[in-house]
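Below is one structure, written out as structure tokens, with a few remarks after it.
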There are 2 protein chains.
Amino acid sequence: MHQHHHELDEAAVHSLFCAHSLRFTRQRFAVYTALASEKVHPTADQLFKKLSRSDSGISLATVYNTLEALVKSGLAQKLADGGTSARYDAAVDDHLHIRDCATGSLSDVPEALGQKLLDNLPQHVLKQIEDELGFSIGRVQIELIGEYTRQAVEVN
Amino acid sequence: MHQHHHELDEAAVHSLFCAHSLRFTRQRFAVYTALASEKVHPTADQLFKKLSRSDSGISLATVYNTLEALVKSGLAQKLADGGTSARYDAAVDDHLHIRDCATGSLSDVPEALGQKLLDNLPQHVLKQIEDELGFSIGRVQIELIGEYTRQAVEVN
DNA sequence: GCCTATAATTATAATAGTTCTAAAACAGAA
DNA sequence: TTCTGTTTTAGAACTATTATAATTATAGGC
């Protein structure tokens, strides 16, 4: 499930990190909560700027280090940007992304809708692909590329 | 349709370029044929190295310029690499990619299989996403992430 | 075939994003 | 508290890509 939009207090994150064998530091807490509260998947630099603004005396290198640690421990995933820089996402499920051609932004399809699409994928075809190619599918990532015909409802 | 595995003589490429309002140059011919003959989607640098080996006195800048021109004219697409550098593909349809976690390589699902999956996507869900989000889906890109359980059949 | 206008190529410099380095600060266990 | 290994940090280094500006090539008109 997505952690988006949940309250994330320090204790909760502490035990989450603990469960993933990640040391708790104020920087990691800051990065993780900043990432998890984003509706649009941010780049490392966007996170750094956001954190610089809000307070926290955190360095860019640490943002990169932390994101890497989060990804390695399964608390985040790194998404390929169509453009230059990588984007990060605090949710680790299969899910759907929307790329807005106009702005280049990358965001989620709401959970329910996304799940509906994933649930309706033709499993027999996926199975056939696995069999014929000798490939084991671990994750399916779908990106819907296009543009908004009306204004998106809310922006961070 | 994919241009992969087709014979690409100079005349054919010439008229293809012409149809897409692209001037024909020996460098563009070289880049395009090199790209179209790849089964695995190469990075700009991989193409440059391949072309340097085979002959052709072509500069890295030109590889980038040409790839950009091809993409802009619709003869290729730029794919986001999970990692650092972009990958390119001479085919421009919706289609499925396979990312091998073990090697990081990106390749196509064979046309027939891929089409089968795309044809079996639940259209009503896509329509619902478009309606609810006010988003017009231009292209669907699916990536199957996992690893080979047996050796891939052939490598370039 | 030759000329010309326009566009493409090239080496190089510049930039952007990311990773590396080595020293200082910190977390967690004893 | 003290110790040990980990994390943070500023800055350097590196890699992928784009910009620059001079040179060269293409396509079309003659």
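Side-chain atoms are counted along with the backbone in the values below, which use heavy atoms only and exclude waters and symmetry mates. Lettering of chains follows the sequences in order, A, B, ..., and the numbering in each one begins at 1.
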Phosphate-side-chain proximity, B:Q27 and C:dT10, N/O vs OP1/OP2 below 4.0 Å: yes
5' priority, DNA chain C, between B:G57 and A:L60 [closest heavy atom]: B:G57
Length of the line joining B:L22:CG and C:dA8:P, which is rounded to integer Å: 8 Å
Length of the line joining A:L51:CG and D:dT9:P, which is rounded to integer Å: 11 Å
Donor + acceptor pair across side chains of A:H41, A:D108 (<3.5 Å): yes
SB check B:K50 B:E38 (cutoff 4.0 Å): yes
Spacing between A:F24 atom CZ and C:dA25 atom P, to the nearest angstrom: 21 Å
Side chain to side chain, B:Y32 and B:F17, heavy atoms closer than 4.5 Å: yes
Of the listed nucleotides C:dT18, D:dT17, D:dT9, the one nearest the side chain of A:A86: C:dT18
Stepwise side-chain hydrogen bond (donor to acceptor under 3.5 Å, both in side chains) check, B:R139 with B:Q77: CA-CA 12 Å; B:R139 214 150 60 74; B:Q77 60 188 309; 2.7 Å; yes
Nearest to side-chain heavy atoms of B:H14, which nucleotide of D:dT9, C:dA8, D:dA27: D:dA27
Selection from C:dG17, D:dA10, D:dT8 that lies nearest to any side-chain heavy atom of A:A61: D:dA10
Distance in angstrom units between B:R26 CZ and D:dT24 P, rounded: 13 Å
Pairwise side-chain contact, B:L51 with B:V31, heavy-atom cut-off 4.5 Å (strictly under): yes
Nearest-angstrom distance from the residue atom CG of B:N65 to C1' of D:dT18: 9 Å
First of B:R23 and B:E68 reached from the 5' end of DNA chain D, by closest nucleotide: B:E68
Short side-chain N/O contact to D:dT8 OP1/OP2 from A:T25, under 4.0 Å: yes
Separation of D:dT8 C1' from A:I58 CD1 (nearest whole Å): 9 Å
Interatomic distance, A:L47 CG vs C:dG17 P [rounded to whole Å]: 14 Å
Any A:Y64 side-chain nitrogen or oxygen under 4.0 Å from OP1 or OP2 of C:dT19: no
Whole-Å gap separating C1' (C:dA27) and CZ (A:F29): 16 Å
Listed nucleotide nearest any side-chain atom of A:R28, set D:dT7, D:dT9, D:dT26: D:dT7
C:dA8 OP1/OP2 closer than 4.0 Å to side-chain N/O of B:T62: no
